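One structure is given below, encoded as structure tokens.
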Amino acid sequence: MNERYPGYDVLDKRFTQSWNEKTREVVDKRLSVHPGPRFFTAEEWPVVQAICGRILPQPSDRPPVPLPAYVDLKLHEDRQEGYRYAGVPEEREAWRRGIAALQAEASDRHRGSFADLPAAEQDALLHAMQRDELKNPAWGDMPPALFFSKRVIPDITNAYYAHPTAWSEIGFGGPASPRGYVRMDFNKRDPWEAAEAHPGGEEKARRENRRIV
Amino acid sequence: MSEIDEGPRATGNQAPDVFKVGAWVPMRQFREDEAVDFVIVGTGAGGGTLACRLAEKGFSVVAMDAGAYYRPLEDFASDEEEQSKLYWTDQRLVDGDNPLKMGANNSGKAVGGSTVHYAMVSLRFRPEWFKARSTLGYGVDWPLDWREMWGYYAQAERALTISGPVTYPWGPKRPRYPYRPHELNAVGKVLARGCEAMGYKWSPTPLATVSAPHGESPPCVYRGFCRIGCSTNAKQSALTVWLPRALKAGAEIRDLAMVGRIETDARGLATGVHYHRNGQWRFQRAKNVVVAGYAIETPRLLLASANERFPDGLANSSGAVGRYLMTQSNQGVWGQMDDEVRWNKGPPSLAMTEHWNYEDRKDFFGGYCWMSQGPLPQEWASVQTGSRGLWGEELRREMELYNHQVGVKMVGEMLPVETNRVTLADEVDQYGLRVARVTYSWTDNDKALIAHALDQMEQNLLAGGARKTFRQEDDTNHLNGTARMGDDPRTSVVNADCRSWDIPNLWVCDGSVFPTVGGVNPSLTIQAIALRTADRIETLAKRGEL
């Protein structure tokens with residue numbers, strides 16, 4: 001699946017002492033996420049999918065983390081961050097307006113939908129948003145850079161790094177209650193932690209990762 | 001969220017037993033129409049501690065919290081997303097030159113307050129900070145004497161069974177910490193190695209998580225999810241230390257109870273609080289009201305309680321309510337090692353140095369410490385995206401180095417400024433209460449301190465063996481000020497006893513009362529002040545001066 005921690009899957013530990021009941025419950029729920037869209041409209045949905053695909057492009061040799069579904073779920077449930085910049089609209093309105101503005105920019109520049117642009121053009125628009133260089137009136141008083149850094153980035157990256165697939169990818173031990181960890185020093189791995197592949201040692205790491213319990 | 005959906009748990013003369021799955025402990029309950037001695041708004045480091053000690057001294061106490069009453073063993077997952085249920089995520093507006101990031105790391109909405117998800121770092125103030133103006137030339141003096149506080153710090157450290165070193169390297173002598181220090185993890189060793197190379201002292205961090213069994217708490221298992229709630233109860237917090245004692249002593253705790261307004265009568269005295277619970281507004285009568293909602297909710301409640309007699313809000317004749325808000329600078333420096341570090345193992349701040357809290361040869365006011373770090377994946381991604389602007393393939397590749405990262409973050413003193421403040425915005429929240437607007441701008445002194453600290457932390461990491469360092473220049477954490485204590489009613493909200501100058505039966509007991517903030521985490525000082533306040537209230541009551 002990936003090269004650094006070959007064969008490591010955090011879910012293999014699901015029924016070990018590293019996962020308590022509550023953790024199993026919330027991760028199960030996450031893995032069975034509603035595919036959406038319930039908040040986004042049919043017109044917005046391909047744009048959300050395209051944005052997610054560029055913010056966190058995923059390898060083609062594994063089932064993708066359904067990022068658009070998580071963004072849709074968050075907005076469907078209207079979960080708040082706890083603060084917002086004076087002048088920036090609430091999260092639902094921010095996404096609605098942000099997508100409309102991005103579509104207006106795509107139409108201005110390329111006479112098409114953002115979702116249909118080649119990846120390089122999509123990236124160029126996202127970079128321009130990050131640098132606050134987009135000026136279409138559709139943005140209203142919402143600064144494009146704030147929409148990018150306070151909505152697009154956290155909503156998508158938080159969804160990705162809350163997913164077991166991402167935990168396995170980075171070799172994170174994942175849930176750890178009640179067992180925790182024992183070996184604290186440099187280059188010390190508990191038997192229930194991911195083994196990293198060193199040059200030429202991919203098979204060895206794969207074998208060790210298969211034995212993780 | 002399922003826990004909140006089921007409604008309040010502390011009802012029917014019982015409260016959740018936080019140490020057992022599905023279990024209960026008996027709880028005394030009070031009538032709403034009979035005035036209790038104290039109603040306390042908030043059950044965190046200030047309110048939880050005070051509720052415990054006042055109940056143990058024989059006062060009748062009802063302590064309310066807007067958040068849910070969790071049993072960590074069954075309600076806490078090893079999961080960042082799920083555990084965001086511990087944060088105060090009701091809407092707030094932020095502005096100023098340096099708008100504060102709210103929500104996650106600087107406030108809590110649960111019984112036990114933010115101690116449920118604090119990093120457990122339990123440090124004493126440097127003695128001079130209690131007289132910052134007279135001894136160090138900045139800020140204002142506190143009305144408290146450090147020698148008296150030293151005794152209350154020791155009392156708090158014993159109650160929390162702090163794990164720490166036998167000899168602490170800075171400040172006046174103190175008793176040895178009750179339990180042995182925790183073993184350092186690899187990132188802690190990087191800090192230590194770096195400090196030794198720089199000629200600075202370092203220390204295992206005194207932490208409120210036990211290194212051996214204590215009461216019903218098992219020793220810490222180093223799972224490293226401390227900052228999103230401890231699911232084993234090794235953590236010593238208001239939820240696991242003060243509130244179980246408070247219940248035993250006869251206090252009542254009301255969970256999912258949001259206080260919206262304090263009532264005052266024709267004499268100008270507080271008579272009780274209006275609170276929202278189980279879908280309706282209710283009123284609890286009280287002889288004394290203590291506000292302990294932390295530095296945003298405390299001034300919000302005092303301001304929202306304005307009436308004809310107190311048009312600018314309660315306890316606000318000085319105009320200081322909501323003003324002098326102080327966060328602490330929480331910048332960091334991050335780097336990589338060839339070694340496997342696996343920094344998420346163990347509490348997140350196992351090693352630290354207070355060098356620049358005790359060294360005055362510098363060209364700015366205030367001090368700072370820094371500590372080793374071990375962020376979980378979501379938090380680490382937010383550093384990579386926030387400080388470096390990474391996304392796309394580049395972000396995924398950098399994140400794959402997770403087990404090789406090291407880092408340190410500071411807790412730095414920011415100066416009290418009148419214009420950094422909490423006010424009420426026009427828009428309202430789900431209870432129909434006006435939301436807080438939080439305005440914050442760094443001073444030139446704050447910027448100088450941060451620049452100094454970033455250089456020092458980067459040197460520390462490099463000397464400790466890290467490479468490819470980068471700086472996180474924009475983070476802040478704890479919140480203090482907004483109802484500061486003092487000797488002068490014209491410039492402060494409460495006196496040294498946390499009693500408001502304007503309304504003798506209205507008190508404030510939380511981080512809001514700090515006149516200056518110091519360069520260490522505030523929770524131990526908040527608890528020490530609450531312990532002192534309880535003793536003072538007992539003395540005043542005996543003298544008939546309540």
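Just so we're clear, the structure is a prediction, and the values are computed from it rather than from any experiment. In what follows, chains are A, B, ... by sequence order, proteins preceding strands, each numbered from 1.
Heavy atoms closer than 4.5 Å to chain A are found in the side chain of B:E427, but not in its backbone. Of the atoms belonging to A:E90, it is side-chain heavy atoms, and not backbone ones, that fall under 4.5 Å from chain B. Residue contact with chain A, scored on non-hydrogen atoms closer than 4.5 Å, involves the side chain of B:D95 exclusively. Interface residue B:L73: only backbone heavy atoms are found under 4.5 Å from chain A. For B:S382, no part lies under 4.5 angstrom from a heavy atom of chain A. Neither the backbone nor the side chain of A:E21 comes within contact range of chain B; no heavy atom of the residue lies under 4.5 Å from a heavy atom of that chain. Proximity to chain A is absent for every atom of B:H182, based on heavy atoms less than 4.5 angstrom apart. Heavy atoms of A:P57 lying under 4.5 Å from chain B belong to its backbone as well as its side chain. Within the 4.5 angstrom heavy-atom criterion, only backbone atoms of A:R179 (N, CA, C, O) approach chain B. Using a 4.5 Å cut-off between heavy atoms, A:W19 does not touch chain B at all. Proximity to chain B (any heavy atom under 4.5 Å) is shown, for A:D185, by both the backbone and the side chain. Proximity to chain B involves both the backbone and the side chain of A:I55, based on heavy atoms less than 4.5 angstrom apart. Looking at A:L126, both its backbone and its side chain come within 4.5 Å of chain B, counting heavy atoms on both sides. If you measure heavy-atom distances from A:H127 to chain B, the contacts under 4.5 Å come from both the backbone and the side chain. Contacts between B:Y87 and chain A at a heavy-atom distance below 4.5 Å are absent for every atom of the residue.
In this structure, CH2 on B:W391 lies 5.5 Å from CZ on A:F148, to the nearest 0.5 angstrom. To the nearest 0.5 Å, the span separating CD on A:Q80 from CG on B:D429 amounts to 11.5 Å. Going from atom CD of B:E379 over to atom CG of A:N158 covers 10.5 Å, rounded to the nearest 0.5 Å. Taking CD of B:E393 as the start and CG of A:D123 as the end, the distance is 10.0 Å to the nearest 0.5 Å. One distance of note links CE of B:M399 with CG of A:L56; it measures 9.0 Å at 0.5 Å rounding. Here the straight-line distance linking atom CZ of A:R4 with atom NE2 of B:H404 works out to 5.0 Å at 0.5 Å rounding.
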- Given the rule in the side-chain contact (heavy atoms from CB on, under 4.5 Å) test, do A:I170 and B:N403 qualify, once you have shown the distances and angles that lead to the verdict? CA-CA 8 Å; A:I170 67 173; B:N403 286 336; over 6 Å; no
- Task: Decide side-chain contact (heavy atoms from CB on, under 4.5 Å) for A:F186 and B:V190; before the verdict, give the C-alpha distance in whole Å, the side-chain angles of both, and the deciding distance to 0.1 Å.
- Result: CA-CA 10 Å; A:F186 293 102; B:V190 171; 3.7 Å; yes
- Task: Apply the test side-chain contact (heavy atoms from CB on, under 4.5 Å) to residues A:R79 and B:E81: give CA-CA distance (whole Å), side-chain angles for both, the deciding distance (0.1 Å), then the verdict.
- Result: CA-CA 11 Å; A:R79 287 207 303 270; B:E81 190 82 4; 3.3 Å; yes
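Per-residue heavy-atom pair counts under 4.5 Å with chain A were compared for B:R437, B:E80, B:Q91, and the maximum is reached by B:Q91. Of all the listed residues (A:R30, A:K150, A:R54, A:R183), the one sharing the greatest number of non-hydrogen pairs under 4.5 Å with chain B is A:R30. Interface summary for chain B: among A:A194, A:A162, A:S177, the most heavy-atom pairs under 4.5 angstrom belong to A:S177.
Other residues, nucleotides and ligands place more than 12 heavy atoms under 6.0 Å from the NZ atom of A:K13.
The pair B:R342-A:E196 does not meet the salt-bridge criterion, since no charged nitrogen lies less than 4.0 angstrom from a carboxylate oxygen. B:K345 and A:E193 are joined by a salt bridge, as a carboxylate oxygen and a charged side-chain nitrogen come within less than 4.0 angstrom of each other. Remark: A:K188 does not engage B:E340 in a salt bridge, criterion side-chain N to carboxylate O under 4.0 Å.
With A:Y83 as reference, B:V94 is the one residue of B:V94, B:L100, B:T89 to meet the side chain to side chain contact (heavy atoms under 4.5 Å, CB included) rule.
By the 4.5 Å heavy-atom criterion applied to side chains, B:D79 and A:P175 are not counted as neighbours. Contact of the B:V221 side chain with the A:P178 side chain is not registered, since no non-hydrogen atoms from C-beta on lie closer than 4.5 Å. A:Y160 places none of its side-chain heavy atoms less than 4.5 Å from the side chain of B:Q378. Looking only at side-chain heavy atoms (C-beta outward), A:M184 and B:L350 come within less than 4.5 Å of each other.
Here the shortest heavy-atom pairing between B:F225 and A:G174 reads CZ-O, 3.4 Å. Summarising the geometry of B:S78 relative to A:T23, their closest heavy-atom pair is N-OG1, 2.9 Å, with the distance given to 0.1 Å.
Below 30°, between 30° and 60°, or above 60°: for A:F172 and B:Y402 the angle between ring planes is above 60°, a perpendicular geometry.
Looking at B:T385, its side chain never comes within 3.5 Å of a backbone N or O of A:I153 through a donor-acceptor pair.
A donor and an acceptor atom, one from each side chain of B:N185 and A:Y181, are nowhere located under 3.5 Å apart.
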